[in-house]
Number of protein chains: 2
Amino acid sequence: MSTPPPRLSPTELAAYFAFTEVSSLLRHAVEKQLRDVGKLSYVQFQLLARLGDAPDGSQRMTDLADGVVYSRSGLTYQAQSLEERGLVTRGPSPEDERSTIVAITDEGRDVLAKVFPGHIEAVKTHLFESLSAGDVEMLARVMGQVSGHLRAEPPRSAGGRRRKSN
Amino acid sequence: MSTPPPRLSPTELAAYFAFTEVSSLLRHAVEKQLRDVGKLSYVQFQLLARLGDAPDGSQRMTDLADGVVYSRSGLTYQAQSLEERGLVTRGPSPEDERSTIVAITDEGRDVLAKVFPGHIEAVKTHLFESLSAGDVEMLARVMGQVSGHLRAEPPRSAGGRRRKSN
DNA sequence: TATTGTTATACTCTATAACTATA
DNA sequence: TATAGTTATAGAGTATAACAATA
């Protein structure tokens, strides 16, 4: 009558629990470091990092929102906050008057630079410290496979179908 | 003069990015499923799951807070919310009048049961679907190693030293 | 009409500090 | 005094819906 309950093997269960624990501890550590050193939330750091990586240090609001998976109003909120701190500027696009272009400032790059060493340190400590080179390679391969798979098929289970309808 | 900047190898960088992406997508999917099917936040699910696992389905507030790494006021807030929904009860401990014992109700177990299949489904879809049995074993081993290492040494970098002073 | 972005608003979550009561 | 828990409060973050401006 009903579908059989889905199951996880003991190994899968162990992998899931350990994975969850590690990612949670890593995330907490990274968030604390960003807050303490740069007064940045994780989302704000992601936004700055994206802008820092962009060729001219700027992006449209919509493209930023898509990258971070975020509601547009949520992005407006964060962009305002970053602008008030002088870490980004916002201005209209020359090409499309509807668009707002967000650009990282020198101050923004300074904060990014200030935060970076500790960020890497936290990742080393909470993820790589106890792993061999082979382990790291393995991890890169397996995680790369999963993320590639997830990108390939927007998982249709557990919810709706669209990627980010907003 | 200054310490050299810490670095990540290309492989480490790849592993870190992929790991972060997977854990973020998995977390989002799980949270959405819990919300849609059981109207539970992730923290609430963790609390219920812990109570469900406890021998007599109950725990002291403090022990619960320790397990989930949470401020006590935050736990009070969530426990009240769960109590209002009839998923847990709260009462004084017979042994220590200061303590509050939280116990899962039959309704709480029902919600847990209702939410569980989809939870497992989400984990399968977002983590294991594209992995071989060997990959899963590898992942379990490596993640187990990292989490074991993190438990062994409360990482002293990037912050204070106490585990959870509250 | 469709798209870009902002605003108004409401809600959830979290933490800090002050407080009560037991030990 | 120290511990367990609650309350008051304040702040960050998020989302939805309504809106204005431009394409």
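Just so we're on the same page: letters track the sequence lines, and every chain starts at 1.
- Taking 4.0 angstrom as the limit, A/S73 places none of its side-chain polar atoms (N or O) nearer than this to OP1 or OP2 of D/dT16.
- Taken residue by residue, residues 74-82 of chain B places heavy atoms nearer than 4.0 Å to DNA chain D at B/T76, B/Q80.
- Applying the salt bridge (Lys or Arg N to Asp or Glu O under 4.0 Å) definition to pairs two or more places apart or across chains, those involving residues 75-85 of chain B are B/E83-B/R90.
- Atoms CD (B/E31) and C1' (D/dA15) sit 14 Å apart, rounded to a whole Å.
- Partners of A/R60 under the side chain to side chain contact (heavy atoms under 4.5 Å, CB included) rule, at least two apart in sequence or in another chain, are A/T62, A/D63, A/S99, A/I101.
- Counting only N and O atoms by type, the side chains of B/D135 and B/S132 include a donor and acceptor under 3.5 Å apart.
- Taking atom CZ of A/R90 as the reference point, atom C1' of C/dT4 lies 13 Å away to the nearest angstrom.
- Between the side chains of B/S81 and B/Q44, at least one donor N or O sits under 3.5 Å from an acceptor N or O.
- When each of A/P94 and A/Q44 is assigned the nucleotide of DNA chain D with its nearest heavy atom, A/Q44 is the one assigned upstream, toward the 5' end.
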Polar-atom pairs under 3.5 Å, protein N or O versus N or O of nucleotides 2-4 of chain D: list them with distances, or write none.
unit_1	atom_1	unit_2	atom_2	d
D/dT3	O2	B/R98	NH1	3.2

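- Sorted by residue number, the list of members of residues 46-58 of chain B with any non-hydrogen atom under 4.0 Å from DNA chain D is empty.
- Ion pair B/R141/B/E137 not flagged as a salt bridge, since none of the NZ, NE, NH1 or NH2 atoms sits closer than 4.0 Å to an Asp/Glu carboxylate oxygen.
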Side-chain polar contacts of residues 11-19 of chain B - donor-acceptor pairs under 3.5 angstrom, sequence neighbours left out - could you list them?
unit_1	atom_1	unit_2	atom_2	d
B/E12	OE1	B/S9	N	2.9
B/Y16	OH	A/H119	NE2	2.9

